[in-house]
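Please read the structure below before turning to the comments.
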Amino acid sequence: MSLKVYNSFSRTKEVFTPITPGHVGMYVCGPTVSGESHLGHARPYITFDFIYRYLTYKGFKVRYVRNITDAGHFEEEGREAEDKVSKKAILEKLEPMELVQKYTNLFHWAMLQFNCVEPSIEPTATGHIVEQISMIEKIMAEGYAYEVNGSVYFDLKKYAATHDYGKLSGRIMDDLLETTRELDGQQEKRDKADFALWKSAAPEHIMRWKSPWGDGFPGWHIECSAMATKYLGADFDIHGGGMDLQFPHHESEIAQSTICNHHAPARYWLHNNMITINGKKMGKSYNNIIKLTELFSGNHPLLTQAFAPMTVRFFILQSHYQSPVDFSSEALLASEKALKRLWEAYEVLKKLTVPMEQEATDTVLDAKVLQWVNEFDEFMDDDFSTAKILANMFELAPVINGIKDGHIPGTALAGTTLVLLQQQFKVYLQDIFGLTHTTGADDNTLQGVMQLLIDIRKEAKNRKDYVTSDKIRKQLTTLGVELKDEKDGSMSWNK
RNA sequence: GGUCCUGUGGCCGAGUGGUUAGGCAAAGCUCUGCAAAAGCUUCUACAGCAGUUCGAAUCUGCUCGGGACCUCCA
């Protein structure tokens, strides 16, 4: 089966063919560590995490590069030569690198919470100033950049004359050139649409590096081009990021790399859609940001409760990565319950056993189960349709629970079917979707304490002392531990 | 203003022209000391109008609504 991905560049679903058979180079735009990550940031990292995991599952050796943007960029181009990082640093009275470190650590912590696999390489912009400068020099040598007052700009008009600038984002060059915007510093550019490759640093600017054009700092787009080229080559497979980065960021990356390397950087451009909140994109300008720390703690006016990272991960998996997803406390609560139900079915499934040589007594059900399971790969190959796989899993859950409860005879499914079901559930739920569940079952002390409580409750129940047995169950519930009486008289629990 | 996307049942969300998406919520039943969980059942929608077609949520056009980008943005 071949993997098909929606390529933003061609606006069609294409068969994915890596440049080097068996290997995939993937670059994803990482965070700007000038502030705390919010819910919106979670989406690309979780999306490209399961894409990375799936490519690995398919047998590709993937080099996954995700940068850390720690060299600030100007907040409003040309208005003031102050970058995000230095501005915030002054406000918080921190060293720029101290601030960068703080938010980098926080970002890594969040990725850990979401169970995101670490990228193969996580380069920082500040660690690649030399590469960025040399790339700018090459572009200048090619005649597509010019220097003015210590800043270097990309000559977009010249580029657009022979190249299709705007193809990725569906932009029309003439419109861009016509866009009238009166900003300070715009005058030094040959054309308003030209973007900066290097900006001259004003004396008060903290983050600054020496360059052939004087002290300054790199432009917004050049870091990704420089780092992607360095670690993945001039021509690599996948470039990913949020849809809002298509223009101007990715468009400009294409222009820079095309001139510098004489080659468009990536074959496949993958973009995840936005998370909205009450229909509006989550963003600073809308003042509707929910930080990840707030989400995990429930400490936000829009939240009715705290939500676990896995709930968020599941919530994102429940829709296609290219669809916008609207956030609400209610929607997340639904995800929380759904994940719980699914995970419990998975736990049940793990314990089911049937002899391998068992033949299916219910061939209709057996065929259905096989179809649902086999569709996992099919759906994932179809541009990573995680939502459809989850739907199939929910179709399978009643079958699993039915076998456990005895509504469905244990022999209904063939031994080989059950084994395949168990295997694929594990592979998808844990290895590809990256979901985890903490039952506390790995805590020996807690295990022992719970067993003790279960024993006491069983004894109480046996002598019909329901006051005691209900008290144990009720108090455990308030502690967040759920105790269930099974049909066979045993008890199970989970956190 | 320009470019593009989108409008699915109480809510969230899959949907590749013909067949039940799925989840959450709600109702009933079974099981249970009571619960919870689980199982079974019910609720069956595609913004509006027109067109193409034997047949459209799915294609086309128009109208209305929502959103993204055009500026830092995941």
Side-chain angles (χ1 to χ4, degrees), chain A residues 11 13 28-32 34-35 37-48 72-79 83-84 166 169-172 174-176 178-179 181 183 193 220 240-249 251 271-276 279-286 289 314-315 318-320 322-328 330-342 344-345 348 379 382 385-395 397-402 404-408 461 464-466 469-470 473-474 477 482-487 492 494:
Chain A
R11 288 159 197 269
K13 231 184 255 184
V28 175
C29 292
T32 300
S34 60
S37 296
H38 59 72
L39 175 61
H41 295 114
R43 192 155 194 206
Y45 306 127
I46 289 172
T47 297
F48 289 99
H73 300 297
F74 15 94
E75 209 139 35
E76 283 181 48
E77 190 180 11
R79 181 169 286 180
D83 66 41
K84 265 199 214 168
S169 55
R171 213 67 32 156
I172 295 162
D174 290 345
D175 292 348
L176 294 171
E178 275 170 22
T179 309
R181 242 182 127 76
L183 296 171
W220 177 30
M243 253 174 199
D244 52 351
L245 293 182
Q246 271 185 4
F247 187 90
H249 188 52
E251 203 72 73
H271 291 99
N272 63 274
N273 214 314
M274 303 289 107
I275 288 183
T276 60
K280 278 260 193 294
K281 173 181 148 183
M282 192 173 291
K284 276 172 208 157
S285 41
Y286 296 117
I289 283 177
F314 185 80
F315 175 67
Q318 269 184 307
S319 62
H320 192 262
Q322 282 189 76
S323 306
V325 177
D326 197 48
F327 166 87
S328 68
E330 202 188 358
L332 223 53
L333 188 66
S335 290
E336 181 182 283
K337 292 191 175 175
L339 173 60
K340 185 166 177 283
R341 177 173 144 80
L342 192 60
E344 284 180 9
V348 168
F379 290 158
D382 185 16
S385 300
T386 54
K388 287 161 110 179
I389 294 164
L390 287 174
N392 274 22
M393 287 182 168
F394 279 107
E395 295 278 13
V399 177
I400 294 164
N401 289 324
K404 183 205 170 202
D405 287 355
H407 301 295
I408 298 170
K461 270 188 76 174
K464 296 205 189 310
D465 176 6
Y466 295 124
S469 80
D470 286 352
R473 190 173 63 195
K474 204 176 164 195
T477 304
E482 189 184 35
L483 200 61
K484 287 191 279 194
D485 292 340
E486 299 294 344
K487 285 227 167 68
S492 64
N494 64 60

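Note that these values count all heavy atoms, side chains included, but never hydrogens, waters or copies made by symmetry. Keep in mind that this is a model prediction, so the values were computed, not measured. Just so it is clear: chains get the letters A, B, ... in the order the sequence lines come, proteins before strands, and each one is counted from 1.
Residue contacts for A:Ile408: at a heavy-atom cut-off of 4.0 Å it reaches no nucleic acid atom on any strand shown. Within the 4.0 angstrom heavy-atom criterion, no nucleotide atom of any strand lies near A:Val348. Among the protein residues, A:Lys281 comes within range of the nucleic acid bases, having at least one heavy atom under 4.0 Å from a base atom. Nucleic acid contact for A:Lys388: sugar-phosphate only, since backbone atoms but no base atoms lie under 4.0 Å from a heavy atom of the residue. Residue contacts shown for A:His320 are limited to sugar-phosphate atoms, with no base heavy atom under 4.0 Å away. Looking at heavy-atom distances under 4.0 Å, A:Phe394 makes contact with sugar-phosphate atoms alone, never a base. Within 4.0 Å (heavy atoms only), A:Glu395 reaches sugar-phosphate atoms of the nucleic acid but no base atom. Counting non-hydrogen atoms under 4.0 angstrom, A:Asp470 reaches a base of the nucleic acid. Residue contacts shown for A:Met282 include a base, since a base heavy atom lies under 4.0 Å away. Heavy atoms of A:Lys461 sit under 4.0 angstrom from at least one base atom.
What you find for A:Met274 and A:Met243 is that their closest heavy atoms are CE-N, 3.4 Å.
Across the C1' atoms, B:G22 and B:G61 are found 33 Å apart, a figure rounded to whole Å.
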